[in-house]
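Just so you know, ligand 1 is whichever comes first in the structure, and atom 1 is the first atom listed for that ligand. Everything numeric here is computed off the predicted structure, so don't read it as measured data.
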Amino acid sequence: MRLHTARRSALPRALPRLLGSLLLVTAAGVSTACAAPTASAVGSDSAGRAARPLGQVVPAPASVRPGGSPYSLNDGTRIRVDGSSGEARKIGEYLAGVLRPSTGYALPVTGKDGADGIRLRLGSRDSVLGAEGYTLTSRRGSVTITARKPAGLFHGVQTLRQLLPAQVEADSRQKGPWSVAGGTVTDTPRYGYRGAMLDVARHFFSVTEVKRYIDQMALYKINKFHLHLSDDQGWRLAIDSWPKLATYGGSTEVGGGAGGYYTKSQYKEIVNYAASRYLEVVPEIDMPSHTNAALASYAELNCDGVAPPLYTGIEVGFSSLCAGKDITYDFIDDVIRELAALTPGAYIHIGGDEAHSTSHDDYAKIMKQAQAIVGTYGKTVMGWHQLTGAEPVKGAVAQYWGYDKTSAANRQQVVDAAKNGTKLVLSPADRVYLDMKYTDKTELGLKWAGLVEVQRSYDWDPATYLSGAPADAVLGVEAPIWAETLTDSDDIDAMAFPRLPGAAELGWSPAATHDWDTYKLRLAALGPRFTAMGIDYYRSPQVPWPAEPAAAG
Ligand code: TNX
């Protein structure tokens, strides 16, 4: 048995394990929950190589049973996958791709025979695991991840990454040892919808930047990637039947930069990349407002037949599609048809927010037609919660983005819709809008919904947040990041980290694990991982980050 720290090796053999389990149980206050160890155990090694308790993972796993000998990778380790499925092999290759650069081990991905190594098993008959759950068992000689479905295996692999020392995330060779504490994690998500949104309209982000964010989401078991593809400042997807949307409407962005758009093949590349990380893309074309880029591209879409100039400011609510013109509905049909053909996922998001210059009747008319069109192409309607002020179709999902100053009447409208069957995804702006400043000193971001420090972002419960809404109306949580002030991956990193993992935990972890005091310790332990991945995160004073060298570049 390899012991991880001098402090521990001085203790009798069974004692560290016993202490570990006691800490796990008491810190979370519930016996099934995982939780954090003491602050000193989080940060005892500046390189993040301290022994890591089994439950020290974000999102908190549903159940953790520490015990037994740890597992250690070595230069002979194999990743053994279930040969019956190509997907298990791909996940094995993905894991090897994460582990090889830092460990320097060959880590061949081989067939499932053999009891040692990292074993990825599909086809568990444990129905409790559902489509996304997994078990991970670590003992001397092996770590075995078992799941019913590939998504569960993939999520289990993310847990394994976090159970290894932080340096495993580096892209160059690091010193081991590479050990995982002994025991079993059994884990399933609280909600089926765990999303993050990226606004590529206010500033355009390249395919490479988008993939980077996808990889970051996957670490925390997020499974929906909402792409905000159109707004006043830019149209970001090529549409064959209306080519000027992209070539002209996509030619600028906030501040007047060059903008850009995704060709269909680039867009497919994003969708496929997301799918390889078990994320479903939820594409959004915002309407009837937030449409200046489209209105500027085609004069005939405007009620007065005059195309407005391109727009590079950050005001909202001034643009509107024209409810009284037939061509408006041809346009919506063409766009949704082409988009649906590029969308393997269930949802198409039609926006519907901040239509301040559209009359109620016009709004209701356009949203009714748009919803019908989404249905025609076999997709489920998603819209911002203002959709509940029109007539949401059966099965529609409303994304709630209210905040503490949202009027009681507006909240009630959403609650009433939920009582009538509209499903909800919760994105409260004063909690999980990742573009809100942390403090007054935060350089990037906006603050119309207030300042959102890390604790405020984490400390709410999706089941009770919208009081009066039936708990089963809530499909999950999504953290949007709007990009008026953000121009590249560094900017996304600075705003999403460390709040994104908290939003992911709200979507994944059982309510019983929800506890800021233990969460902040688990979050602190992610600091060296962010650094190893080149993420220059906000060092919130609310979180006891371990000492570490300044973040790279
Ligand atoms: C509100 S939330 C918006 C966006 C802005 C964002 C900035 C919502 C559906 N609309 O148009 O980009 O605030 O935080």
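The nearest protein atom to atom 11 (O) of ligand 1, hydrogens excluded, is given as Arg202 NH2, 2.9 Å; this is a heavy-atom distance. Of all protein heavy atoms, the one lying nearest to atom 10 (N) of ligand 1 is Asp353 OD2, 2.9 Å. Closest to atom 13 (O) of ligand 1, if we only count protein heavy atoms, is Trp448 CZ2, 3.3 Å. In terms of protein heavy-atom proximity, atom 3 (C) of ligand 1 is closest to Glu354 OE1, 3.4 Å.
Atoms of ligand 1 found under 4.0 Å from any heavy atom of Asp435 (numbered from 1 in listed order, with element): 7 (C), 14 (O). Per-residue contacts place Met436 under 4.0 angstrom from the following atoms of ligand 1 (heavy atoms of the residue considered): 14 (O). Close approach of ligand 1 to Leu446 is summarised as follows: ligand atoms under 4.0 Å from at least one heavy atom of the residue are 7 (C), 14 (O).
When the ring pair (Phe, Tyr, Trp, His ring centres under 6.0 Å) test is applied to His228, the partners found at least two apart in sequence or on another chain are Trp482.
By the 3.5 Å distance cut-off applied to N or O atoms, Trp401 is not counted among the residues near ligand 1.
Ring pair Phe497/Tyr538: centre-to-centre distance not below 6.0 Å. For Trp508 and Tyr220, the ring centers sit 6.0 Å or farther from each other. Phe331 and Trp242 have their aromatic ring centers within a separation under 6.0 angstrom.
Looking at Asp517 and Lys520, a side-chain N of the basic residue comes within less than 4.0 Å of a carboxylate O on the acidic one, giving a salt bridge.
A cation-pi arrangement is present between Lys244 and Tyr298, with the terminal nitrogen or guanidinium carbon under 6.0 Å from the aromatic centre and inside a 45° cone about the axis. Arg277 forms a cation-pi arrangement with Tyr273, by the criterion of a distance under 6.0 Å to the ring centre and an angle within 45° of the ring axis.
In the candidate list Tyr403, Tyr433, Trp384, Tyr433 is nearest to atom 2 (S) of ligand 1, counting heavy atoms.
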